[in-house]
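A, B, ... follow the sequence lines: proteins, then strands. Residue 1 opens every chain.
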Number of protein chains: 2
Amino acid sequence: MRDMTEPRWLNADERRAWLALVSINTLLPAALDTKLHTAGKLSLFDYTVLAMLSEAEGRFLPMSELAARSSASLSRLSHVVTKLQKRGWVERRPHPHDARVTTAHLTEEGMATIVELAPGHVEDVRDLFLDALTEQDVLDLARIGEKVVGRLDADHWILREN
Amino acid sequence: MRDMTEPRWLNADERRAWLALVSINTLLPAALDTKLHTAGKLSLFDYTVLAMLSEAEGRFLPMSELAARSSASLSRLSHVVTKLQKRGWVERRPHPHDARVTTAHLTEEGMATIVELAPGHVEDVRDLFLDALTEQDVLDLARIGEKVVGRLDADHWILREN
DNA sequence: GGGGCCTAGTTGAAGAATCAACCACGCTGC
DNA sequence: GCAGCGTGGTTGATTCTTCAACTAGGCCCC
């Protein structure tokens with residue numbers, strides 16, 4: 001049963017912050033999606049998956065680790081990896097020591113794709129997002145963003161010390 | 001033709017800010033979606049559409065204005081309004097003076113639904129997001145968020161003066 | 001050494017988003 | 001008064017995402 005006392009509605013600044021976040025949330029991925037789609041027929045999520053693999057040691061990761069690093073469900077990832085596999089960018093292999101685990105490997109073609117796309121993508125991220133901000137803004141946003149991520153998922157990989 | 005000089009890769013803080021934003025972007029809507037889905041079988045986007053109508057004068061808006069206020073394409077909105085219409089929460093009516101325009105009206109049942117859901121939703125927003133932040137964070141985020149929105153869409157409705 | 005539970009991953013069906021094609025109306029200029 | 005263009009909106013096909021169900025291997029412990 002929910003508490004029936006009068007809820008604390010958002011004040012003006014909370015509302016501003018909330019509306020801005022929701023708007024960014026729909027606008028930014030949409031803009032990057034269309035950019036990436038015209039550049040290389042892939043979505044921001046596809047790109048993220050390839051990018052995470054390309055940065056991993058040996059260019060492979062267990063599916064569950066890849067899911068964590070792309071903030072996706074295992075189910076979603078599995079479907080997407082199947083698609084990327086059909087395009088020859090990723091391969092699935094069994095894990096040598098734990099038969100439950102599947103590892104996703106970036107192929108040479110996959111690596112070539114991301115190497116080709118990365119400069120344009122970084123430029124788009126700057127153009128659509130970072131260039132709007134001062135250095136101080138970037139710092140503030142990193143601090144605030146990590147707080148929020150920590151509340152949503154205390155064990156999130158971007159918060160790992162290393 | 002794209003500029004072929006070496007791209008400016010993200011520095012550590014830019015990367016932190018970017019990764020945090022992308023993570024929030026997938027985690028937050030997903031969490032609110034499941035909350036709203038168990039509370040009332042609707043998505044965050046459905047909720048937003050109803051909320052925007054409930055706050056509008058006369059509880060109706062032209063489709064294109066509603067699309068702007070929910071940061072959606074007209075196509076997406078049209079599909080969703082059809083769904084909400086089937087549930088009896090929204091009605092479509094022709095505009096009296098411009099036959100091109102359709103207005104979406106919130107019905108009594110629609111209003112009742114949002115009145116019922118709003119307190120829980122606000123609580124969830126606080127719980128998942130705002131409660132992680134200090135007053136200063138909220139202020140910073142509002143400022144930074146609006147800058148980013150302005151870059152993505154200079155005419156965005158949340159930036160309108162009034 | 002076998003029952004029960006947890007972790008890792010896949011699959012198919014159902015619902016949602018996007019894209020391109022399209023219709024209808026309004027405005028402008030001739 | 002009608003040709004042409006821009007605006008407002010809808011629709012259907014395709015693609016994506018989610019959800020629930022399921023397989024299968026590992027681990028604990030009696």
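For the pairing with L53(B), the side chain to side chain contact (heavy atoms under 4.5 Å, CB included) check across T48(B), L84(B), T103(B), V90(B) returns one residue only, V90(B).
With dT10(D), dC25(C), dG8(D) as the candidates, the nucleotide lying closest to the side chain of T102(B) is dT10(D). Closest contact between the side chain of M63(B) and the listed nucleotides dG26(D), dT11(C), dG9(D) involves dG9(D). Nearest to the side chain of S73(B), among dG9(D), dT18(C), dC19(D), sits dT18(C). Side chain of S78(B), nearest nucleotide from dC25(C), dT10(C), dT11(D): dT11(D). When distances run from any side-chain atom of S75(A) to the nucleotides dG12(D), dT18(D), dG8(D), the shortest one goes to dT18(D). In this structure, of dC19(D), dG9(C), dT10(D), it is dG9(C) that holds the atom nearest to the side chain of P62(A).
The nearest whole Å value for the distance from the CZ atom in R100(A) to the C1' atom in dC22(D) is 17 Å. For the pair H37(A) NE2 and dC19(C) P, the computed distance is 7 Å after rounding to whole Å. One can place NE2 of H79(B) at 11 Å from C1' of dT14(D), the figure rounded to the nearest angstrom. Remark: P of dA17(C) and CG of L44(A) are 17 Å apart, rounded to the nearest angstrom. Spacing between atom NE2 of H97(A) and atom C1' of dG26(D) amounts to 15 Å, rounded to whole angstrom units. As a whole-Å value, the separation of K86(B) NZ from dT10(D) P is 13 Å. Protein atom CG of L42(B) is 14 Å distant from nucleotide atom C1' of dG15(C), rounded to whole Å. Rounded to an integer number of Å, the gap from CG of D33(A) to C1' of dT18(C) is 10 Å.
Comparing D46(B) and E65(A) by the nucleotide of DNA chain C whose heavy atom lies nearest to each, the residue mapping closer to the 5' end is E65(A). Both R76(B) and L74(A) lie close to DNA chain C; mapped to their nearest nucleotides by heavy-atom distance, the more 5′-ward contact belongs to L74(A). In terms of position along DNA chain D, the nucleotide closest to V80(A) lies nearer the 5' end than the nucleotide closest to the other residue of the pair A99(A) and V80(A).
A cation-pi contact, defined as under 6.0 Å to the ring centre and within 45° of the axis, links R76(B) to F45(B).
W89(A) CH2 to L50(A) CG: the interatomic distance, rounded to the nearest 0.5 Å, is 6.5 Å. Distance CD/E91(A) to CZ/R59(A): 13.5 Å, rounded to 0.5 Å.
Using modelled atom types, no side-chain atom of D33(B) and backbone atom of A30(B) make a donor-acceptor pair closer than 3.5 Å.
For dC16(D), one of the phosphate oxygens OP1 or OP2 lies less than 4.0 angstrom from a side-chain nitrogen or oxygen of K83(A).
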